Amino acid sequence: MEIIDGVIKDWDPDGTIHIDATVKNLNVALKRKYSRVQVAIDDGRRITPEQRRKAYVLLKFIADWMGEYPEPVKEMFKWDFVLNRMEAMEKKMFSLSDCSETTAREFISFLIDFIVEHGISCGEPLWKLSEDIGRYVYRCVMTKRCCICGLPSDLHHVDGSRIGMGGNRDEVNHIGRECLPLCRVHHGTAHTIGDREFMERYHLVPVKIDKDICRKYGLKFRR
């Protein structure tokens with residue numbers, strides 16, 4: 001796949017876009033007989049100051065854990081992100097000074113994934129730094145980390161998904177039930193103040209249990 005930049009020249013009423021773009025090597029393009037393209041439209045939104053702050057805070061946590069200076073760690077993680085996480089059409093180096101808002105959001109989530117997976121201690125709650133709270137909570141579920149404090153966790157079934165009195169946890173189908181990964185302390189807090197107030201306090205959203213979660217926790221599900 002070859003990536004080229006272009007400029008939108010016109011729009012037709014039926015949604016057809018006219019783009020002015022030039023391939024880098026015409027001979028190569030003719031030899032490969034390019035006939036179809038994918039178009040990624042830049043919406044013009046740039047990284048926000050808050051996103052930039054979050055990215056540098058997360059990189060500092062990782063650098064401290066690795067025993068390295070933040071700058072080389074930043075470059076290493078940017079390249080890892082570009083090569084392994086970015087979509088094919090967008091695989092090019094970016095700057096945290098002027099990258100797109102979308103790239104910043106995905107890079108922040110990428111850094112949080114790494115921190116959660118490696119149990120890195122942070123000086124600021126990750127739920128406050130997250131740009132995609134659903135993805136963050138799911139990652140915590142799969143690594144058995146409390147989504148509030150990062151300590152080892154168990155599954156907390158939220159209201160409406162709990163197994164009723166007399167129900168057999170080993171027999172009931174868990175697929176689709178909503179849960180949060182919480183340590184004992186925060187599990188108790190959720191029961192004390194109620195799930196709704198608890199989730200509003202920490203700006204959380206529960207995740208729905210899927211087959212991967214069932215396998216991770218040894219829960220029953222219908223195949």
Side-chain angles (χ1 to χ4, degrees), residues 54-55 57-68 73 76-77 80-81 84-85 105-223:
K54 289 179 179 180
V57 166
L58 293 166
L59 287 165
K60 180 65 163 56
F61 293 152
I62 295 172
D64 288 347
W65 175 74
M66 296 176 69
E68 300 284 351
V73 169
M76 179 179 69
F77 273 83
D80 191 9
F81 176 73
N84 299 308
R85 296 299 180 91
R105 181 172 62 250
E106 289 298 318
F107 185 59
I108 288 168
S109 294
F110 173 71
L111 295 175
I112 288 178
D113 285 349
F114 183 88
I115 289 172
V116 172
E117 288 172 5
H118 291 82
I120 298 174
S121 178
C122 300
E124 187 171 346
L126 290 178
W127 59 268
K128 289 186 176 181
L129 297 170
S130 175
E131 292 276 304
D132 185 343
I133 197 67
R135 172 173 167 172
Y136 165 64
V137 173
Y138 187 88
R139 184 67 64 179
C140 288
V141 169
M142 295 303 292
T143 54
K144 297 186 176 182
R145 297 278 178 183
C146 177
C147 57
I148 307 300
C149 64
L151 291 175
S153 71
D154 291 314
L155 284 187
H156 167 71
H157 288 76
V158 303
D159 289 341
S161 293
R162 293 175 185 163
I163 300 169
M165 186 176 296
N168 188 334
R169 185 183 183 89
D170 295 327
E171 295 298 329
V172 70
N173 180 31
H174 288 77
I175 295 292
R177 294 176 181 269
E178 293 185 326
C179 68
L180 291 170
L182 301 176
C183 67
R184 291 185 178 182
V185 171
H186 289 107
H187 200 141
T189 302
H191 280 292
T192 300
I193 67 176
D195 289 331
R196 183 173 181 178
E197 182 178 340
F198 183 82
M199 289 188 287
E200 287 179 352
R201 176 182 295 184
Y202 294 106
H203 307 286
L204 299 174
V205 293
V207 299
K208 288 190 175 183
I209 296 176
D210 58 19
K211 291 183 180 180
D212 288 335
I213 293 176
C214 285
R215 293 189 182 100
K216 188 76 175 181
Y217 288 82
L219 303 175
K220 184 79 173 183
F221 67 93
R222 296 194 185 102
R223 298 182 182 276

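Treat the numbers as computed from the prediction; the structure is a model and nothing was measured.
In terms of the ring-ring contact (aromatic ring centres under 6.0 Å, His included) criterion, Tyr136 has no residue partners (sequence neighbours excluded). In this structure, the side chain to side chain contact (heavy atoms under 4.5 Å, CB included) partners of His186, at least two apart in sequence or on a different chain, are Cys146, Ile148, Cys149, Leu182, Cys183, Phe198, Tyr202. Applying the salt bridge (Lys or Arg N to Asp or Glu O under 4.0 Å) test to Glu68 and every residue at least two apart in sequence or in another chain returns nothing. By the side chain to side chain contact (heavy atoms under 4.5 Å, CB included) test, Met142 is found to be paired with Tyr138, Asp212, Ile213, Lys216, residues two or more places apart in sequence or in another chain being considered. Partners of Pro152 according to the side chain to side chain contact (heavy atoms under 4.5 Å, CB included) rule, which considers only residues two or more places apart in sequence or in another chain, do not exist here. A search for side chain to side chain contact (heavy atoms under 4.5 Å, CB included) contacts involving Glu197 returns Ile193, Arg201, not counting sequence neighbours. The side-chain hydrogen bond (donor to acceptor under 3.5 Å, both in side chains) search around Glu200 returns none, not counting sequence neighbours.
Residues Asp132 and Ser109 come closest through the heavy atom pair CB-OG, 3.9 Å. The nearest pair of heavy atoms linking Pro206 to Val158 is CB-CG1, 4.1 Å. Across Pro181 and Val137, no two heavy atoms sit closer than the pair CD-CG1, 3.7 Å. Closest heavy-atom contact between Phe77 and Met66: CE1-SD, 4.1 Å. Taking each heavy atom of Val141 and Cys179 in turn, the nearest pair found is CG2-SG, 4.4 Å.
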Can you give each donor-acceptor pair under 3.5 Å made by side-chain atoms of residues 58-65, sequence neighbours left out, with the distance rounded to 0.1 Å?
unit_1	atom_1	unit_2	atom_2	d
Lys60	NZ	Asp64	OD1	3.1
Lys60	NZ	Asp64	OD2	2.8

Quiz: residues 111-121 side-chain donor-acceptor pairs under 3.5 angstrom, not counting sequence neighbours:
unit_1	atom_1	unit_2	atom_2	d
Asp113	OD1	Arg139	NE	3.4
Asp113	OD2	Arg135	NE	3.2
Asp113	OD2	Arg135	NH2	2.6
Asp113	OD2	Arg139	NH2	3.4
Glu117	OE2	Arg139	NH1	2.8
His118	ND1	Phe114	O	2.9

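Here salt bridge (Lys or Arg N to Asp or Glu O under 4.0 Å) pairs that include residues 143-154, with residues two or more places apart or in two chains, number zero.
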Candidate pair His203 and Ile133, rule side-chain contact (heavy atoms from CB on, under 4.5 Å), full reasoning: CA-CA 8 Å; His203 307 286; Ile133 197 67; 5.8 Å; no

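Between Leu219 and Leu155 there is a side-chain heavy-atom pair separated by less than 4.5 Å.
Ring planes of His174 and His157: tilted class, angle from 30 to 60°.
If you take NE2 on His187 and OG1 on Thr192, they are separated by 10.5 Å, rounding to the nearest 0.5 Å.
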